[in-house]
Amino acid sequence: MKDIFEIPDKLKKNLFGMMGLGVLLLAIGLALSSIKIGGDDHGHEGTHEEHTSMALADAHGSNGALIAQAEEGHSHQAGEEHAEGEHHEEGTVVNGETHEHTGAAHEEAHGEGDHESAEHGGGHHTAPPSMMAKIGLSWMVGSWYVLLISIFGVFFIGVKHLANAGWYVAIKRVLEPFYFWIPIGIVLLIVGYFVFGDQLYLWASETPDDEIMNGKRPFLNPAIFVVLLGLVGAVYFLYGMTIRKNSLKEDAEGGLSWLKKSTVASAIFMPFFALSFSGISWLVVMSIDAHWFSTIFSVYNFAGMFVMGATTTALIVVYLKEQGYLPRVTGEHLHDLGKFMFAFSIFWAYIFISQYLLIWYANIPEEGVYYKERFDNYFGLFALNIAINFFFPFLALMTRNAKRQYASLKTIGMVILFGRFIDIFLMFTPGVAGEHWNLGMLIAAAGMVILQLGAFLFLYFRNLSTAPLTVKNHPYLEESYHHDTGV
Amino acid sequence: MSYESPIREPLVTGGKGYHDITEGVLAPLEKKPNMTWLAAFGLSAMVMTMGVSLIIWTFFEGIGAWGLNKTIGWAFDITNFVFWVGIGHAGTLISAILLLFRQTWRNSINRAAEAMTIFAVICAALFPLIHMGRPWVGAFWVLPLPNTRGSLWVNFNSPLLWDVFAISTYFSVSLVFWYLGLIPDLASIRDRAKNKIAKAIYGALSMGWNGSTRTWHRYEIVSLILAGLATPLVLSVHTIVSFDFATSIVPGWHTTIFPPYFVAGAIFSGFGMVQTLMVVTRKVYKLENFITLSHMDAMAKIVILTGSLVGIAYATEFFIAWYSGNTYEQYAFINRMFGPYWWSYWAMISCNVITPQLFWFKKVRENMLLTFIISIFVNIGMWFERFVIIATSLARDFMPANWALYTPTYVEVGIFIGTFGVFFTFFFLFAKFLPVVNMFEVKTLVKDDTVVDHGHHDDHGDQHSHSAEAGVSHSH
Amino acid sequence: MSSYKDTTKNFLLGKFHKPGQVINSVKALQGEGFSVYDVYSPFPIHGLDRILGIKRSRLTIAAFLFGMTGTCTALSMMLYMMYFDWPMDIGGKPSYLAPAAVPVSFELTVLFAAFGMVFTFFAVSKMYPGKKPVIMDPRVTDDVMVLAIEKSAIEEADQDKIEGIMMSHGAFEISEKTVHNELFEV
């Protein structure tokens, strides 16, 4: 049985095709996004139901700074909102009083971000985003997406080492090459920041009158961005490399010392991971909505990262099995990966509802603005996000067969990966494009994800082919071969 | 048959076989209670009686017997409630989450941990009941019962009502889970019992269990699904407890990380309590061969993990309070550290974040005295965490004119101590009358050296997964 | 198939000390074309259920259905109480189904699924408090695994052969038992 992966020409062709498709979609998307379709381009998402849930009724008087900003906001919108409000009796949250305020609150929500930054392209816009902003948006969405997948590789191996797990050893080699992309993803983010930053991040430009923004500058500044991301890239990469090196040494020399070394490295890596992952998700993603904050945000990103990583791993394992590799990886291993996809989709939903419910319940405008924006202008995507990232995997992966059969895993995996894209798109876009987003931007971002994913997979498979697909001499290898998920 | 790597440390030591396990675990049950047990039980029953008397006094006198004031209307009782609910999390974690992750070391500690869960939830539920003042009419306040006022139903938008549903579901599902796990062991006691009364009672409780493979098959599926259900349930309970605070707009309470942070804290405190109890139980009941040092080691690792997660949550809250630019939020955290309750904050940090870090050293993890001491610190620290969150945020609210401090009265302290009496009374009864170690699960860990012929395995395997198993060779 | 009319069954029992021996015996017996009635053991023997050809239980489906019942109960209860019967405006929150409905729906889903499944398990396994057990050997709940073969299913002449197979795989004792029980379940 062949144990060294050889990249088939077909795969090469497909991956280049994938990258080509990515470029094409990016181009089409950007072109589409620039065509104005019938005046106001946010109309298709509707602004009807939105008022139902995010009643920012108490916007007045709760935060001086916000009010001050709101007053600088756009008075023409207030009128518009009121007019809108009047024909939504059904949508009224609780009573007439709330209803009347909705418009004003919404207006404040907009006013908050755009008092300063319309010309910079940060915060909540009234002006449509520039071409640079759109490219930058796709760039960051794509880079973050693929970076998360590659981070999963190191995280998962780390956890398994610390937990002394045996079952995953048969697929350990599949996970090892993930780390290879981490520095590339980090560089892409840093480049993205320097090229497109002023179009995306409010904090990349001067905001002399924005006290809240300026208060955050000790954290939100280019130096921290470069240093923290650079540190993350370096440490994650070094850790991944150490694991890879130890694993190859173990093949050659045997003995327990390599496992021990890797376990110690994991024990050092994990605390760093826990702290740094929060840092980068705040810096790269949360700071898009520069005024907004949520303590659970990094956990939310973590949950998504786990889902997409486990899904990618399962898809790669299925691909390798179909090519005739990994003879001793069985349905039991796929079952466990499937369980992870299932469990972490639920975990993601749990984190989602925790964040959403608390912000909805407390109804504090400076927090609610985040969902207000998504309800008003992104309702379709917002609903799709929950459907595809929670209800779909929950129902589809519930049965035992779905987690074991290639066909079902492939289909479900693809849908989940698409769902993860929607989620990440929804984390970035509203802060950049506000109500001016359109389908073109979604397509462009999808194109960038596909392009980078193609490049990631190309490097991944090249790296995968440099070592045998199964480890030798790992003390838990035999355990993994006999792995049985039980009843 | 499952395969285990030879480098793994055995989870049953001393060369014990199946029969030794039965003998070892059931020995304390089948003997007459000794003086130590009677003394310990008597003491806890006395403490419980003291607690119950003070509860009755509270009903008689009213909530005025407590140290609450207009600013701090929620303090000792809710702190104790969260404290006990938190402790109640480890049992289900061990029996459910670790079952899903196939951590077989859970097999010998799950029984006691689940029992502990149930007793801790009982203690927890006491506090909201007492705080109602008139719990005998409380049913109408917490349950959707038809009544003569409309019916005016309970408010389903209130996190406190969610708590009622969460805690009662958690309690009943844990109880069922625990009982289900007990059935095969109850049958063991039944089949060994010499005493007629014991035989009748254990016989009735064991529901005619006979160890048939068909029943075992269903039993394993039911256990697995119950574990699958209990896992999100255990997360939901402390999540909902955290909603009691986080849905408000009180600075220091309203923060979105509360749900996972409370859950991590609950698991942390629960494991602290499991460590405390297990260090003593394994010694007193001579169970060192079933609850081995490897078990204690694994628990210590979970304590570092969850302790560190809690530490990261503290740091996150603190950082985001600054990052938010919200002055109230910022003040709440400064006040925690340097305000009038600074001592409780630093007690929390040193007990929860700093001392557990000692578990990084294997020497500490395998030293039972140090483990016991650190676990006590964890218990103390987690009590203070809840006190810090609750009291400091309330003491300094939005209106400085209303600022006040809170000191518990002897009644509150007495009731709190009394709940320890309740907890230990139940625990001692459990330890006397039920097997503290899950015998049948530990028996599955005994190594069987029979060479099993795998020839027919695939014929009986899952038909649908043949494609995935193609090429698998089981011979060795 | 269940047989409730014939309340007496005669069994040939092979007793073992190790799960591996039971598995090997069952396989050998099945290889010779004998059907094994059941195996009684102090703990679940991994993989034996598949070897005995026990069909995977559908309790998971039951759990799912009970869970859905719980969700529907919770949602309709809240909808009725909070929207139709007596709408309440507390803190400006909508009285109809809102995010606030999630926790209670979740709890009742789990409650119904757990209890529904456990009681279904008791029902299909015919277990109830106080049931008189069918004990093949009192040591079955301690350290003995019992392989039971129904005598009516085998030829008289094959008995020696079966005993031989069991002995060769490590049975330490062979015995016979007659069981009277109307609640026998297959």
Side-chain angles (χ1 to χ4, degrees), chain B residues 1-2 17-19 22 144 150-153 155-158 162 165-166 169 172-173 176 180 184 187-188 191-192 203-222 225-226 229 232-233 236 240 243 440-441 443-444 448 450-453 455-457 460-461, chain C residues 18-21 23-24 27 38-54 57 59-60 63 77-78 81-82 85-86 88 90 93 100-101 103-104 106-108 110-111 113-115 117-118 121-122 124-125 127-136 138 140-143:
Chain B
M1 297 295 290
S2 56
Y18 303 125
H19 185 64
T22 318
S151 298
L152 182 57
W153 301 105
N155 176 15
F156 283 99
N157 281 345
S158 162
W162 306 342
F165 278 84
T169 301
S172 40
V173 172
V176 165
L180 198 71
S188 294
D191 292 345
R192 286 165 55 91
L205 289 173
S206 59
M207 292 191 162
W209 182 266
N210 63 1
S212 145
T213 303
R214 278 156 229 282
T215 319
W216 274 125
H217 167 77
R218 288 189 211 104
Y219 182 86
E220 282 198 284
I221 288 184
V222 170
I225 310 258
L226 264 187
L229 288 167
L233 178 64
S236 81
I240 291 173
F243 284 168
F440 84 83
E441 287 198 342
K443 285 174 189 169
T444 62
D448 173 17
T450 319
V451 177
V452 176
D453 158 36
H456 293 279
H457 182 264
H460 300 279
Chain C
K18 288 180 175 174
Q21 299 167 336
I23 290 185
N24 287 341
K27 282 179 176 170
D38 206 340
V39 173
Y40 300 86
S41 56
F43 51 86
I45 299 176
H46 199 73
L48 186 61
D49 43 357
R50 287 181 222 164
I51 296 167
L52 284 176
I54 297 170
S57 162
L59 279 165
T60 42
M77 175 178 76
M78 285 185 280
M81 291 176 185
M82 293 286 283
D85 194 44
W86 191 300
M88 277 190 277
I90 296 166
K93 297 281 174 284
V104 172
F106 172 80
E107 298 301 333
L108 288 192
V110 172
L111 187 71
F115 273 80
M117 183 183 57
V118 169
F121 164 70
F122 288 148
V124 293
S125 305
M127 288 166 70
Y128 51 85
K131 179 186 174 184
K132 203 170 155 15
V134 180
I135 299 170
M136 291 297 178
V140 133
T141 51
D142 181 8
D143 63 344

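Excluded from the calculations below are hydrogen atoms, water molecules and symmetry mates; all remaining heavy atoms, backbone and side chain alike, are included. As the structure is a prediction and not an experimental result, all values here were calculated from the model.
For Leu180(B), the part lying near chain C is the side chain, with the backbone staying farther off; criterion is any non-hydrogen pair under 4.5 Å. Heavy-atom distances place the side chain of Met82(C), and not its backbone, under 4.5 Å from chain B. Of the two parts of Leu111(C), the backbone and the side chain both hold a non-hydrogen atom closer than 4.5 Å to a non-hydrogen atom of chain B. Using a 4.5 Å cut-off between heavy atoms, Ala114(C) contacts chain B through both its backbone and its side chain. With a threshold of 4.5 angstrom between heavy atoms, Val222(B) approaches chain C through its backbone and through its side chain.
Side-chain contact check for Met88(C) versus Leu152(B): some heavy-atom pair is nearer than 4.5 Å. In this structure the side chain of Glu107(C) never reaches within 4.5 angstrom of the side chain of Trp162(B), judged on heavy atoms.
In terms of heavy-atom proximity, Trp216(B) sits nearest to Pro42(C) at CZ2-O, 3.5 Å. A pairwise comparison of heavy atoms in Asp85(C) and Trp153(B) identifies OD2-NE1, 2.6 Å as the closest pair. The shortest heavy-atom contact between Val140(C) and Asn210(B) is CG1-O, 3.6 Å. Considering all non-hydrogen atoms of both residues, Lys443(B) and Asp142(C) come closest at NZ-O, 2.8 Å. Closest non-hydrogen pair, Thr215(B) versus Phe121(C), comes out as O-CE1, 4.0 Å. Contact record, Phe440(B) with Pro44(C): CD1-CD, 3.7 Å, taken as the closest heavy-atom pair.
Between chain B and the residues Gly130(C), Ala100(C), Ala113(C), the most heavy-atom pairs under 4.5 angstrom are made by Ala100(C). Note: Tyr18(B) leads Tyr219(B), Trp209(B), Tyr18(B) in heavy-atom pairs under 4.5 Å with chain C. No other option in Pro184(B), Ser172(B), Ser206(B) has as many heavy-atom pairs under 4.5 Å with chain C as Ser172(B). Between chain C and the options Gly203(B), Pro144(B), Gly17(B), the largest number of non-hydrogen pairs under 4.5 Å is found for Pro144(B). Between chain B and the options Met81(C), Met127(C), Lys18(C), heavy-atom pairs under 4.5 Å are most frequent for Met81(C). Heavy-atom pairs under 4.5 Å with chain C were tallied for Asp191(B), Leu226(B), Thr213(B); the largest tally goes to Thr213(B).
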### Task
Show your working on side-chain contact (heavy atoms from CB on, under 4.5 Å) between Leu48(C) and His217(B) and close with a plain yes or no.
CA-CA 9 Å; Leu48(C) 186 61; His217(B) 167 77; over 6 Å; no

### Message
Before you tell me yes or no, could you show the steps for Asn155(B) and Lys93(C) under side-chain contact (heavy atoms from CB on, under 4.5 Å), namely the whole-Å CA-CA distance, both residues' side-chain angles and the distance that decides it to 0.1 Å?
### Response
CA-CA 11 Å; Asn155(B) 176 15; Lys93(C) 297 281 174 284; over 6 Å; no

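Atom CD1 of Ile54(C) and atom CZ of Arg218(B) lie 8.0 Å apart (nearest 0.5 Å).
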